[in-house]
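Structure record follows, encoded as C-alpha cells.
One-based numbering, in listed order, for ligands and for the atoms of each.
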Amino acid sequence: MDIENLLMQDLNNLQEIANLIRKGSVGDTVHIRALMEISNVCFRNCAYCGLRLQNANLKRYTMPLAEIEKIAKQSFDCGYKTVVLQSGENKEYDIEKLANMVERLTDYGLTVTLSLGELSFDELKTLKNAGAKRYLLKFETADEVLYKHLHRGHTLSQRLNCLSQIKNLGYEVGSGFLVGLPNESVKSLALNLQVLKDFECDMVGIGAFIPHKDTPLSYCNSGSYETTAKCVAITRIILPKSNIPITTSLGEIGDKYSLFDGGANVIMINVTPRMYAKDYQIYPKQMQDVDILKDRINIEKIILERKRMPL
Ligand code: SAH
Ligand code: SF4
C-alpha cells in the first residue's frame, strides 16, 4: 500500500500494526535519552520557531561547556546512556573545544547525540572524530516551495545535502518533520514520510507544530494529534528498525505516552537546568522543575507500567 493510502487509514488500525511491528523489530525496550538545551542563540529565522533571530522578546543564553559537561556526567550517573545536546544554529561554541568535551563525555561512557543545526562538513567531521555518534537534523517539510517560504534564504536541498554529509561521515542519522504547518496536504505528508524512508533514517522525530506568539505563524492552529500519531505509526511501518521518540510537543495537546503503543520506542527527558530551559521556548511549553534523578526514576516507572523495559 502506498503512503498516501496509509495516511487515509484509521488511526487505531495503524497503531495496532505499528505496535506489532515495533515488538518484532526493536522489541520492548524503551530508550531514555537526556536532552540538554545548551544554547537558545540562533541566526536563523524559521517562521514557526520561538528561537528565531528576529524574536527580540527572548533572553538569550549559552551554557558554559563546563556546566554542560557536569550535567551530562550527572545524567550518566543517574542512569542515562545517551545525552542529546541541542541548540539554535549559531557560532557560540568553538568547535575544537566542543569536540574535546564530546570526547570527554564519550570516554565517560556516554553516547553523544548532537542537534546543532546545519554545520559545515569540517565541523561535522571534527565532532564525529571526537566520538559523537548520532546527529539529529529535521528537514521539517519536504515540500520545496513550503520549505523556502518558511525558511527565507535557505533551501530544502541545502538541508538534505547536510543530511547526506551526516550520513556519509558515518553518523547515525536522525531526521523528521513537523505536522500541521500551514498549507500541509496528505500529499506533502506522504512526501515527508517517503524522504525519511529514502534516507533510511536511523532515528525519526515527528513533531506537532505548536504556534508561538512571537513568530509569523502565531495565527495558525496546532498540528493535529491524530495526524501526528498516524505519521509516527506509518514511520514504524515503513522503517521497522528505526528509533522513534514519542513526540514531546504532543504533551501540550494530548497524551504523548499513548504513542508507546503506536510505534514509538524512545523518550527524551529534559535535563536542562530550569534557569536556561525557561528560555528555550521553541514553542510555548509548560515548565517543570528539573531533578535529574527523580525525573529518571519517574519515567522508568511510567515505562514499566506500560509493560516495557526502560534502558
Ligand atoms: N536549531 C536546530 C535544533 C533545535 S530546533 C534545528 O533547527 O535543527 C529543534 C526542533 O524544534 C526543530 O527541528 C523543529 O522541528 C522544532 N520546532 C521549532 N519550532 C516548533 C514549533 N513551533 N512547534 C513544534 N516544534 C517546533
Ligand atoms: Fe533556529 Fe532551529 Fe528554531 Fe530554526 S528551528 S529558528 S534553526 S532553533
Heavy-atom contacts with [X] under 4.0 Å: which atoms of ligand 1 show up? List them by number with element.
X    : value
F209 : 22 (N), 23 (N), 24 (C)
Y280 : 4 (C)
G88  : 1 (N)
L178 : 15 (O), 24 (C), 25 (N), 26 (C)

Does the residue [X] have a heavy-atom contact with ligand 1, meaning some pair of atoms that are separated by less than 4.0 Å?
X    : answer
R159 : yes
E140 : yes
A208 : yes

Under 3.5 Å between some N or O of ligand 1 and some N or O of [X]?
X    : result
I210 : yes
S115 : no
S249 : no
S87  : yes

Main chain of [Y], side chain of [X]: is a donor-acceptor contact present, judged purely on distance under 3.5 Å?
X    : Y    : value
D295 : D291 : yes
D279 : R60  : no
Q15  : N12  : no
Q158 : T155 : yes

In terms of heavy-atom contacts, does CD of E144 have more than 12 from other residues, nucleotides or ligands at under 6.0 Å?
->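 Atom CD in E144 is not crowded, with 12 or fewer foreign heavy atoms closer than 6.0 Å.
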Heavy atoms of other groups near K285 NZ, more than 12 under 6.0 Å:
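It does: K285 NZ has more than 12 such atoms within range.
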**Message:** Looking at Y147, I'd like to know if the NZ or CZ of R159 sits under 6.0 Å from its six-membered ring centre while staying within 45 degrees of the ring's axis.
**Reply:**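 No, R159 and Y147 do not form such a contact.
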Is there a protein heavy atom less than 4.0 Å away from atom 5 (S) of ligand 2?
->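 Yes, because at least one protein heavy atom sits under 4.0 Å from atom 5 (S) of ligand 2.
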Any donor-acceptor pair under 3.5 Å linking the side-chain atoms of [Y] with those of [X]?
X    : Y    : answer
S87  : S39  : no
R22  : N19  : yes
N243 : D202 : no

- [ ] Under 4.0 Å from a heavy atom of G88: give me the atoms of ligand 2 that qualify, with their elements.
- [x]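 Close to G88: 8 (S).
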- Task: Check ligand 2 against C46 and write out every atom of the ligand that is under 4.0 Å from a heavy-atom position of the residue.
- Result: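 That gives atoms 4 (Fe), 5 (S), 6 (S), 7 (S) of ligand 2.
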From [atom], work out which of [options] has a heavy atom at the shortest distance.
atom                    : options               : result
atom 20 (C) of ligand 1 : I282, L51, L250       : I282
atom 7 (S) of ligand 2  : C42, G117, A47        : C42
atom 19 (N) of ligand 1 : Y48, Y283, Y135, F177 : Y48

Practice prompt. Take F209 and Y48 through the test ring pair (Phe, Tyr, Trp, His ring centres under 6.0 Å) and record every step on the way to the result.
Written response: CA-CA 8 Å; F209 162 70; Y48 40 81; 7.1 Å; no
What residue and atom, counting heavy atoms only, is the protein's closest point to atom 3 (Fe) of ligand 2, and at what distance?
->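 Closest protein heavy atom to atom 3 (Fe) of ligand 2: C49 SG, 2.4 Å.
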Exercise for the section: Among all protein heavy atoms, pick the one closest to atom 9 (C) of ligand 1 and tell me residue, atom and distance. Expected result: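 Closest protein heavy atom to atom 9 (C) of ligand 1: Q86 NE2, 3.7 Å.
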Could you walk me through whether C49 and Y283 pass the side chain to side chain contact (heavy atoms under 4.5 Å, CB included) check?
CA-CA 7 Å; C49 178; Y283 51 82; over 6 Å; no
